[in-house]
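Contents: one structure, followed by commentary.
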Amino acid sequence: MKTHSVCFPILATLALSAAVTIANVSNNNAPRGVSPSNAKLYVPDNVNNWSCLDGSKTIPFSAVNDDYCDCIDGSDEPGTSACGTGQFYCANIGHTPSNIKTSRVNDGVCDEECCDGSDEYDGQTQCPNVCEEVGATAREENDRIQSVQNEGARLRRGFIKHGKANKVLLTNELETLRSQVDHVQLALNDARDAANEAQEAYLEGSKSEREATRKQQLEPLIQEQTKRLKYASEVRDMLKLTLQSLKENHNKNFHDMAVKGTVSGFDDYIVAQGEKTETVEDDLATLSSDRQFDALMDETSVVLRDIGTLHDLLDGMKRDYNTEYNDEAVLAAVKVTDDFEITWDSSRLDFADVEHLVLPEELPVDSPEAEKFRDAMDSAQEVFNDASGKESKVQEGIRDIERKLNMDFGPDETFAQLVDNCFDFKDTEYTYSVCLFGDANQNSHSSTHLGKFSGWEGDNYDVQMYTGGAKCWNGPERSVKLVMSCGTTTEIVSVTEPEKCEYLFKLQTPAVCPIPEGEVDEQEHQQEQQQVEEGEEHTRKHDEL
Amino acid sequence: MESAQGRIKSSKRRTIVRSVLGLGLALACVSAVKREDFKTCSQSGFCARNRAYADIAKETPQWVSPFQLNPSSLRLHKGVLTGDLINVQEDKQPSDKPALAFELHLLDTDAARVRINERNPIHPRYDGVQDTVLIKPYGHATEESYQKLGKDENGILTIQYGAQSQNTVRISSAPFKIEFLVNGVPTVILNDEGLLRFERLRNKEEPKVEEEEGEKQGEEASSDPLVEQKPGGNEIEIAIEKSDLEKKLEENLWEERFKEFTDSKPRGPESFGMDITFSGINHVYGIPEHASSLSLKATRGPDAPYTEPYRLYNLDVFEYEGDNPMALYGSVPFMLGHSKNSTAAVFWMNAAETWIDVEKSPEDKTGGLLSWIKSKKAVQPAATKTHWISEAGVLDLFVFLGPTHRDIFRQYASLVGTTALPQAFSIAYHQCRWNYNNQQDVAEVDAGFDEHDIPYDVLWLDIEHTNGKRYFTWDEAKFPNPTEMQESLSAKGRKMVTIIDPHIKKDGDYHVSKEGAELDVYIKNKDGSSDFDGWCWPGSSQWIDFYNPKARDWWASQFSYDKYIGSTKSLFTWNDMNEPSVFSGPEITIPKDVIHYGNVEHRNVHNLYGTMFHSATAQGLTHRNETNQRPFVLSRAFFAGTQRFGAIWTGDNVASWEHLELASPMLLTIGLSGIPFSGADVGGFFGNPDAELLTRWYQAGIYYPFFRAHAHLDSKRREPWLFGEPYTTQIREAIRTRYTLLPFWYTLFQEASVEGTPIIRPMFTVFPEDEAVFGMDDQYMVGDAILVKPVVKSAVIRSNVYFAGKEKWFDIKDYSVEQGPGFKDIESPADKIPVYQRAGTIVPKRERPRRSSKAMENDPFTLVIALDSVGEASGRLYLDDGESFNYEKGDFILTEFKVSKGVLSSRKVKSTTATSVESSFAEKAGGLRIERLVILGATVPLKKVTVGDRTLQASCSQVGGSYVCTIKEPQVTIGKDFDLSFA
């Protein structure tokens with residue numbers, strides 16, 4: 001309470017009499033702390049009694065504001081702290097009247113809400129009346145807010161206009177595309193049948209000859225690749241075992257962030273592994289040579305990627321772990337990493353080969369008959385490719401529009417304007433970004449996913465949630481709560497992390513600026529008219545294309 | 001060809017991979033449970049040796065202690081008895097070694113002190129604990145106050161002492177034994193079991209080469225069946241004669257290993273141990289800090305619940321477990337024993353690692369056939385035998401014989417000090433979290449309390465507020481204007497606390513690190529010259545040597561406003577990690593062989609390190625720029641005497657029901673050991689409490705002397721309003737209840753600061769003759785007036801409460817009445833726990849809800865008067881300015897209230913020193929009025945209430961069998977005596 005001089009000028013007897021005499025003293029007719037509109041509630045009855053506002057008790061009217069709490073609801077002490085549960089009215093002439101909690105009356109604090117200082121009247125604390133200047137500042141601030149809101153509302157109307165028009169446009173577009181689906185689908189099916197037939201014919205025409213050649217061609221490659229896969233799998237399992245052992249055995253008391261990071265990375269890896277649906281491989285032997293080879297190559301690259309991931313984890317720890325702790329589990333893992341790096345670097349060359357071990361072109365079977373079949377097959381394929389392109393374009397178009405139409409842009413489609421717009425915010429350490437209705441990220445030298453748009457919170461269309469981001473060490477999946485406030489531009493104004501891995505983005509945007517009541521209907525009506533027209537125009541244009 | 005090459009390499013590769021794989025598999029077998037980071041007795045050389053000695057004594061029929069006092073050496077002069085103590089086993093000839101020096105001091109407080117030290121050690125044993133722990137040189141009993149009764153026929157010397165000559169000490173020479181008797185009843189007996197053992201300092205003998213060879217030959221020989229049949233060799237004979245236990249007495253005398261750490265122990269073995277028997281006493285208490293029950297459990301003997309001794313060694317234990325004698329953050333080697341007939345205590349003044357075994361002899365429970373048979377057979381009377389083992393220093397023991405526990409608290413406090421009278425705000429509610437992230441966050445949390453109308457006094461900032469864990473600095477991006485931040489809270493009467501730890505980041509650009517290096521104030525490595533370097537939050541760090549007087553003064557000076565930039569008068573301090581916690585050290589602490597100022601090995605002072613730090617910090621806050629402000633410093637580590645410097649808390653607990661339950665016995669134990677200002681983190685530090693657990697924890701936490709909510713960095717936010725209704729209302733109601741009772745709490749703190757009494761009290765201290773409460777630690781008393789039984793299980797809405805004594809108890813919320821004695825099931829719905837005011841007490845309150853304790857300072861009082869069965873009650877109110885030292889100059893109000901024969905009298909207790917303070921607080925606050933009297937337990941509705949010539953109205957209603965009467969505005973003040981009569 002440094003701003004106030006607290007003093008005790010009132011001696012014992014004074015305090016007692018003051019407690020009684022301060023009652024009922026106020027500028028208007030109402031007892032102290034009662035607003036003019038409530039004054040009618042504080043009138044004595046014909047025997048000068050008064051009933052608590054909850055009706056629970058009748059007391060002498062002189063007991064109102066006598067600095068002693070008589071009523072259970074606290075209504076007898078609107079002007080003192082005796083009950084502490086009611087509201088104290090500050091007239092705040094020169095500014096706006098306000099109600100503060102009666103628990104803040106005569107508590108030695110000059111409450112901001114009570115700029116006239118009427119809350120501190122016991123003489124212990126001097127609160128100057130600052131309503132004139134506070135009022136002036138508030139009015140200035142109000143003007144500023146008003147002009148922001150006016151401009152914001154104007155912009156928002158634009159958003160709404162765009163959003164509504166866009167919706168009509170998209171709806172029409174969707175209809176058009178849907179009407180084309182059957183057509184392109186049919187064409188695609190026909191083309192596929194034709195292409196298949198042509199291929200069948202070609203393959204039938206030279207089957208045994210081709211297969212034999214191909215098998216012979218691929219056999220050594222498959223053998224080699226099988227060995228390499230086996231070796232790589234062993235290395236991967238060894239690294240997993242090392243990390244598993246590190247996770248179980250490292251000393252948690254040391255709080256070594258490098259070790260913690262590696263262990264949590266490993267946990268993420270294991271979770272990711274679990275999420276990958278295990279594709280049950282067909283028995284390789286029954287597959288054609290080509291499919292066999294492809295499957296082997298695919299699996300090998302998965303394993304190599306795993307090795308890379310696991311090694312990165314170990315290597316990260318190896319670079320940064322605290323050598324003074326002599327944690328046996330960590331030392332063992334570092335040793336494995338060293339050994340691995342020595343052996344792997346030498347064998348790495350071979351795996352470079354593996355990456356180059358590409359499927360050779362099929363050796364052509366030379367005969368005019370085959371040539372003919374092949375030409376037919378190629379041109380059928382071309383027709384199919386073309387039909388397929390058209391079909392997927394239509395389907396993609398439908399999906400894209402459906403995505404947008406299914407998005408909740410608010411009752412007046414305000415947010416359509418902002419969909420997929422991205423915003424950055426730089427603080428001292430990171431750059432945060434969010435693409436509205438898309439993804440949020442945290443970027444420094446690398447990028448961390450903070451979450452994907454998962455919906456609105458509440459009914460006001462001003463808070464968005466982005467969830468399911470990268471998992472935190474020892475914590476939840478990262479998430480973002482994006483809270484919007486009215487502004488004339490759309491930008492992130494602050495990013496904080498109130499609790500670990502749960503971020504709070506504050507975004508200002510015209511999209512949440514209030515549109516004055518009454519204006520809405522008129523505007524909407526006009527806009528709707530306009531949109532329908534525009535939409536029709538658009539549709540027409542589209543048809544023409 | 002590519003593939004051929006690949007094949008060759010691949011086979012080479014495989015061998016290497018196999019070997020690496022093998023390593024991985026081997027690793028999976030190494031386990032690293034956190035318990036294994038901390039020693040057991042058998043892993044601690046000196047503990048194992050002394051415990052083995054106790055085993056030998058137990059296994060030897062008719063064991064006799066080899067220690068004897070030389071009768072001719074005994075001298076009694078001015079309250080001090082001195083003599084020579086000889087170990088007849090070791091010193092076959094009296095001239096073998098100088099005898100041990102024995103001293104018995106009779107103190108002017110009726111306490112006694114026993115010391116055993118080496119008379120002429122090869123280098124001095126550390127004897128400095130008394131210099132920092134004892135508050136002043138104490139007085140000895142005057143020659144008139146004791147009486148030497150001479151020796152009896154068995155050579156037992158008897159001295160009678162004490163204010164009423166109630167105490168007797170009997171000293172037996174051979175074997176050495178000391179019995180303390182109260183009114184003729186043996187109460188505390190030293191070396192009754194003959195476990196006294198004292199390792200004298202020695203020079204390390206170089207291992208004899210011949211012996212080793214001899215052993216080798218012996219081994220080789222024994223592998224030869226022919227030689228084995230010849231039992232002639234001397235050496236082999238000795239080896240056979242020494243039992244396994246006897247061999248243990250010789251183990252780990254010098255260098256000792258634990259995990260990857262080596263303790264060099266350059267001075268070799270220097271431990272000692274002795275048994276202390278509490279005769280006729282079944283329950284012993286104290287020796288915190290352990291996550292265990294109030295009444296200590298047996299660690300030896302059949303059916304002992306624990307197998308390890310209680311350990312005292314200040315340690316940072318990650319996620320500690322309940323029901324366990326493992327060492328924790330603090331140590332107080334004080335133990336109190338209590339029975340229906342006697343109360344006694346001992347203080348083992350030693351700051352080195354200490355272990356204590358507890359053994360209970362058969363309880364003589366009354367009733368039951370078995371005990372009847374036993375009583376007929378005249379079995380050994382009930383006793384608790386304790387065995388104390390310390391690693392280094394001298395044996396220095398105080399014995400307190402009461403006769404009441406209040407006497408004991410006073411006697412003990414007269415040696416180690418009472419709790420400092422705290423800043424008034426510091427007993428209100430503290431809001432903490434690791435971490436409030438920035439100024440905006442601080443402002444929002446602060447506003448949250450106002451918005452939800454929940455009072456709080458202090459907002460805390462954990463390590464993240466600093467620039468890279470450099471204490472006394474701010475992360476300028478997050479806290480650009482700390483002064484403004486503190487002032488905006490201070491305007492509402494609120495304070496802030498920042499964390500300051502004893503590890504200093506090694507960084508030449510960090511002013512504290514640099515100055516520390518220049519002044520040479522860091523703890524040294526075992527070589528005594530280079531600075532010790534270890535890891536903690538900031539990475540590579542150094543630890544300040546608070547044993548260096550220069551270091552203490554320099555440290556204290558860091559708190560002045562011009563040094564600690566961004567600190568203000570409303571900023572206070574939190575000392576954490578001061579066991580000290582060293583991530584890279586043995587048992588997560590500093591090695592024992594590091595060196596302090598004056599060439600003192602850390603081993604001798606470990607348990608005091610945190611307190612030395614705490615004390616230097618408190619000194620810093622007291623003297624920062626001469627503000628005449630009391631300090632407030634919270635510490636995690638503690639020792640006997642910590643109470644003089646500030647509060648402590650029970651460290652890093654867990655958001656679980658188990659830890660909520662643990663808090664009561666832990667705080668009761670710490671409180672009765674002289675440190676009443678303590679608390680447990682409300683909500684639990686690690687993990688996430690659900691709404692029910694958090695609410696129940698607040699309902700319990702408002703009855704902790706130190707009341708703070710705290711949460712780990714990885715936990716979810718849990719400010720009191722975040723769980724929504726009905727929880728916000730329930731938590732608000734709980735915190736407000738604490739605030740209404742602040743006058744009562746503050747009065748208890750004042751009492752503690754004078755009398756050394758605990759503030760929250762075990763049931764047995766208020767009902768010392770009721771055996772049903774001796775082991776009770778799930779309910780307790782606040783002062784002598786308020787009974788609290790926290791709800792510590794989920795979904796519990798009825799609690800079994802024990803109402804002790806024959807008087808009534810009044811629910812503090814609805815004034816409903818319960819009659820003692822006995823257990824009763826009491827409703828404990830989600831919004832309340834059982835809390836009762838005892839009949840015969842008067843509790844002063846301030847009932848107006850306010851946003852901080854500061855905002856209440858002009859509020860009037862309510863007295864809640866609970867009449868007992870003869871219509872009497874008493875209580876008191878202490879009040880001062882709550883922040884300065886003016887109370888030391890007599891500027892305070894202490895008023896005693898008493899009801900007797902239908903008259904409430906209020907009498908101001910005159911302060912002993914007339915106040916010399918100008919415009920005193922007492923003068924001004926004397927005008928504060930008592931706005932309400934609530935009288936509970938009236939047998940008839942009060943009709944006529946008069947003060948002087950004024951007549952007042954009472955409004956009464958019947959509750960249970962009696963009346964609750966409220967007297968509005970009796971028009972009296974706390975500063976002026978009055979008599980109010982009612983009928």
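Chain identifiers are assigned alphabetically (A, B, ...) following the order of the sequence lines, protein sequences preceding nucleic acid strands; residue numbering begins at 1 within each chain.
Only the side chain of B/Glu444 comes within contact range of chain A, judged by heavy atoms closer than 4.5 Å. Residue contact with chain B, scored on non-hydrogen atoms closer than 4.5 Å, involves the side chain of A/Thr428 exclusively. Contact annotation for A/Asn322: only side-chain heavy atoms (C-beta onward) come within less than 4.5 Å of a heavy atom of chain B. For a residue to count as touching a neighbouring chain, one of its non-hydrogen atoms must lie under 4.5 Å from one of that chain's; by this rule A/Glu502 touches chain B with the side chain only. Both the backbone and the side chain of B/Leu713 have a heavy atom closer than 4.5 Å to some heavy atom of chain A. Within the 4.5 angstrom heavy-atom criterion, only side-chain atoms of A/Asp70, from C-beta onward, approach chain B. Proximity to chain A (any heavy atom under 4.5 Å) is restricted, for B/Arg851, to the side chain, taken from C-beta onward. Proximity to chain A is absent for every atom of B/Ser540, based on heavy atoms less than 4.5 angstrom apart. Interface residue B/Asp450: backbone and side-chain heavy atoms are both found under 4.5 Å from chain A.
Looking at B/Gln486, its side chain does come within 3.5 Å of a backbone N or O of B/Thr568 through a donor-acceptor pair. For the pair B/Thr973 (side chain) and B/Gly926 (backbone), a donor-acceptor distance under 3.5 Å is present.
Salt-bridge annotation for A/Arg104 and A/Asp119: absent, with no side-chain N of the basic residue lying under 4.0 Å from a carboxylate O of the acidic one. Electrostatic pairing of B/Lys854 and B/Asp457 does not count as a salt bridge here, judged by no charged N lying under 4.0 Å from a carboxylate O. Salt-bridge annotation for B/Lys259 and B/Glu587: absent, with no side-chain N of the basic residue lying under 4.0 Å from a carboxylate O of the acidic one.
Remark: A/Cys83 SG to A/Cys69 SG, distance under 2.5 Å. As summarised for A/Cys127 and A/Cys110, their two SG atoms come within a distance smaller than 2.5 angstrom, satisfying the threshold.
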**Request:** Please report the C-alpha distance between A/Phe254 and B/Phe583 in whole Å, then the side-chain angles of each, then the deciding distance to 0.1 Å, and finally whether the ring-ring contact (aromatic ring centres under 6.0 Å, His included) criterion is met.
**Result:** CA-CA 5 Å; A/Phe254 291 152; B/Phe583 295 158; 8.1 Å; no
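Looking at heavy atoms from C-beta onward, B/Val972 lies out of side-chain contact with B/Arg929 at the 4.5 angstrom threshold.
Of the listed residues (A/Val105, A/Thr85, A/Asp427), the one with the most heavy-atom contacts under 4.5 Å to chain B is A/Val105. Between chain B and the options A/Thr102, A/Leu243, A/Asp111, heavy-atom pairs under 4.5 Å are most frequent for A/Asp111. The choice from B/Glu931, B/Gln440, B/Lys716, B/Glu847 that makes the most heavy-atom pairs within less than 4.5 Å of chain A is B/Lys716. Here B/Phe318 is the residue among B/Tyr436, B/Phe318, B/Trp537 with the most heavy-atom pairs under 4.5 Å with chain A.
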